[in-house]
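Reading through the structure tokens given below for one structure.
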Amino acid sequence: MSESGEMTEFGYIMELLAKGKVTIKNIERELICPACKELFTHPLILPCQHSICHKCVKELLLSLDDSFNDVGSDNSNQSSPRLRLSSPSMDKIDRINRPGWKRNSLTPRTMTLPCPGCEHDVDLGERGISGLFRNFTLETIVERYRQAARAATAIMCDLCKPPPQESTKSCMDCSASYCNECFKIYHPWGTVKAQHEYVGPTTNFRPKILMCPEHETERINMYCELCRRPVCHLCKLGGNHSNHRVTTMSSAYKTLKEKLAKDIDFLIGKESQVKSQISELNLLMKETECNGERAKEEAVTHFEKLFDVLEERKSSVLKAIDASKKLRLDKLHTQMEEYQGLLENNGLVGYAQEVLKETDQSCFVQTAKQLHLRIQKATESLKSFRPAAQTSFEDYVVNTTKQTEVLGELSFFSNGVDIPEINEEQSKVYNNALISWHHPDKEKADSYVLEYRKINRDEEMVSWNGIEVCNTSKIVSNLESNSHYAFRVRAYKGSICSPCSRELILHTPPAPVFSFLFDEKCGYNNEHLLLNLKRDRVESRAGFNVLLAADRIQVGYYTSLDYIIGDAGITKGKHFWACRVEPYSYLVKVGVASSDKLQEWLRSPRDAASPRYEQDSGHDSGSEDACFDSSQPFTLVTVGMKKFFIPKSPTSSNEPEHRVLPMPTSIGIFLDYDKGKVSFYDMDHMKCLYERQVDCSHTMYPAFALMGSGGIQLEEPITAKYLEYQEGM
């Protein structure tokens with residue numbers, strides 16, 4: 001049935017309900033999908049025990065997949081050999097339905113989606129939709145509900161010749177509806193079909209046997225008490241439930257049914273109490289409405305007082321500006337009149353010219369002395385012109401930054417809610433930002449609001465973005481690269497909130513995160529290196545083989561580096577990745593190398609003709625210290641013995657004390673392929689420790705090398721963690 005048809009049917013059912021023509025009890029709230037707000041269609045049970053339509057799960061995963069592609073690194077995706085192309089919708093649906101890891105994925109992706117019922121992030125595991133059970137019980141109830149609503153609409157026989165007759169039975173084994181005559185014809189007595197299960201006319205056919213989503217050919221026959229879900233015997237023997245406590249399906253059926261029946265009887269017995277509580281809730285609703293209106297009136301009063309204060313301050317400030325403006329204009333006007341008097345035939349000059357016409361000496365001397373002083377003063381003012389008043393009103397600029405900040409935090413503060421504190425050790429930023437905090441008294445907080453904003457030094461004020469969180473940690477995505485962000489959190493108890501926590505400043509990586517794993521095929525030496533199953537950690541062990549080769553030291557043969565590279569290359573764009581070097585590591589090199597240089601490095605270590613060795617010295621001629629004045633097709637920095645060694649360069653000091661730094665907890669590598677530059681960062685402070693040019697004429701790969709005991713762990717991308725459910729069935 002099409003979506004428009006479903007909506008029409010849903011509206012028709014609701015209309016019949018409103019008219020009171022449906023005899024089934026009013027349970028429609030339990031039969032409506034929380035995502036599409038329509039009657040369930042093929043509902044699936046999520047790990048949080050909420051149900052959602054099969055098509056709604058697909059739509060949610062498709063929307064999340066689109067947002068993942070949009071947020072992901074365009075540069076990383078386009079330059080990687082494992083190119084993620086934009087695929088049509090049918091291809092996306094196929095990827096969502098297909099169980100297991102994606103063949104071309106760099107990392108094992110588990111599907112996560114927000115449950116519309118509880119609004120928690122639900123982890124679907126590696127199998128995705130294929131690992132979810134259909135809620136056949138709910139599906140059957142919805143079908144009964146539909147039948148009750150469309151009682152006047154008959155279900156016709158599927159086997160009758162035109163015109164078909166009204167059906168009287170539906171066979172669950174044949175998945176078809178029959179009239180009485182056709183049912184007798186196709187289910188004759190004495191045959192196997194006579195034993196088929198039949199029900200009243202229906203269009204909802206479900207399988208008689210529930211099969212295991214992990215092992216499609218096995219039927220469900222046990223119940224895992226730890227995971228609270230049905231399983232098959234293969235799940236118990238060697239699957240994910242091998243160490244879990246299980247019980248028989250009949251025992252679980254009996255126990256759960258008794259509990260459910262007992263709880264239903266208890267609720268039915270408390271019907272009078274429920275009615276009285278409903279009446280009490282109605283009174284509380286009316287009281288809440290009255291109190292809410294009163295609170296609104298009080299809030300309006302408080303804001304009007306603030307408006308009055310602002311109007312008063314506004315009037316006072318404007319009066320001060322007007323008074324200063326008038327005083328300055330008067331001074332400038334007086335000065336202008338004085339200068340106009342210096343013009344010929346005007347003012348002072350004109351008066352002086354008339355005085356010069358005086359012929360009586362006594363009278364002239366009496367008047368000219370004072371006039372001469374005025375003329376001298378005017379002459380001096382011409383030599384050093386200075387306005388009588390300033391034109392700038394910088395002293396009258398109103399600074400409202402602090403007040404705006406305070407008004408932005410205006411809320412229902414209360415001393416009863418403690419201030420949460422952000423945990424700086426657990427909070428970090430990589431491809432996303434993970435912010436964790438703890439609250440002194442979790443019982444006093446219903447929820448939290450995590451606020452963050454980009455610190456832009458060009459602008460005075462950047463608004464805060466808020467996210468409501470029910471837990472004490474949150475992953476923030478869509479952050480800009482190479483930017484500083486401020487984070488703070490506040491706790492809420494109802495409508496009352498605590499003051500904001502102390503701000504935490506984090507610096508995002510300089511480029512989008514590049515995803516890859518260690519390559520277990522290209523140059524991997526399994527005699528010296530140990531790679532874990534996830535291929536995100538490698539260890540070097542100086543074992544028995546190294547001791548057997550120790551006699552070669554007598555002839556100048558030294559132990560060599562064991563190289564390992566990433567399984568994805570880069571051909572353009574900016575990329576960033578990080579790794580942790582174990583503190584016990586003796587010698588580890590991290591960096592980048594081109595594909596042609598790797599072919600040279602990864603030749604047989606025992607090949608004496610390899611350009612990698614100089615038998616006289618045992619030194620690696622491919623060292624990053626050689627030829628530092630020219631661009632090379634590789635760059636590696638040395639880390640070991642809890643130190644970070646900066647390679648020699650003509651621009652930096654070559655003294656040992658200036659080239660040796662404490663080893664960072666996590667080392668970041670930033671490759672700008674287009675500009676041919678690689679940089680190494682201290683991830684804790686996102687500080688660049690060393691950078692240099694590199695020849696990027698070929699495909700560049702993340703490269704690593706180990707000697708002696710050591711270990712490298714790739715930084716794990718920040719994604720949604722598994723949700724622990726504490727609710728029972």
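Because the structure is a prediction, the values reported are computed rather than measured. Here, residue 1 is the first one in the sequence, and each next residue gets the next number.
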Backbone N or O of Ser51 within a donor-acceptor pair of the Asn135 side chain at under 3.5 Å? no

Can you tell me how far the CD atom of Glu468 sits from the CG atom of Leu450, to the nearest 0.5 Å? 11.5 Å

Nearest 0.5 Å, what's the OG1-NE2 distance between Thr472 and His439? 10.5 Å

I'd like to know whether Leu132 forms a side-chain contact (heavy atoms from CB on, under 4.5 Å) with Leu46, so could you lay out the CA-CA distance, the side-chain angles of the two residues, the decisive distance to 0.1 Å, and finally the verdict. CA-CA 7 Å; Leu132 300 178; Leu46 299 178; 3.9 Å; yes

Once rounded to the nearest 0.5 Å, what's the spacing between atom SG of Cys36 and atom CD1 of Ile52? 8.0 Å

Any side chain to side chain donor-acceptor pair (under 3.5 Å) involving residues 282-304? Give me the pairs, sequence neighbours left out, ordered by first then second residue. Asn291-Arg294

Side-chain donor-acceptor contact under 3.5 Å, Thr665 with Asp684: yes

Using a strict cut-off of less than 4.0 Å between a Lys/Arg side-chain nitrogen and an Asp/Glu carboxylate oxygen, indicate whether Lys493 and Asp446 qualify as a salt bridge. yes

Using the test salt bridge (Lys or Arg N to Asp or Glu O under 4.0 Å), find all partners of Glu271 that sit at least two apart in sequence or belong to another chain. Lys275

We want to know whether Asn482 and His507 form a side-chain donor-acceptor pair, criterion being a heavy-atom distance below 3.5 angstrom. yes

Tell me whether Gln390 at atom CD has more than 12 heavy atoms from other residues, nucleotides or ligands lying less than 6.0 Å away. no

Ignoring hydrogens and angles, state whether a donor on the side chain of His333 or Asp330 is under 3.5 Å from an acceptor on the partner side chain. no

Yes or no on side-chain contact (heavy atoms from CB on, under 4.5 Å) for Lys454 and Glu480, after CA distance, side-chain angles and deciding distance? CA-CA 9 Å; Lys454 181 183 177 182; Glu480 295 183 15; 2.6 Å; yes

Rounded to the nearest 0.5 Å, what separation is found between the NZ atom of Lys270 and the OG atom of Ser276? 10.5 Å

May I ask you to decide if the ring planes of Tyr485 and Tyr452 are parallel, tilted or perpendicular, using 30° and 60° as cut-offs? tilted

If you measure from NZ on Lys55 to CG on Leu60, what distance do you get to the nearest 0.5 Å? 10.5 Å

To the closest 0.5 Å, what do you measure between CZ (Arg580) and CG (Leu714)? 9.0 Å

Checking Arg328 against Phe393: charged group under 6.0 Å from the ring centre and within 45 degrees of the axis? yes

Residue pair Asn423 / Ser436, side-chain donor-acceptor N/O under 3.5 Å: no

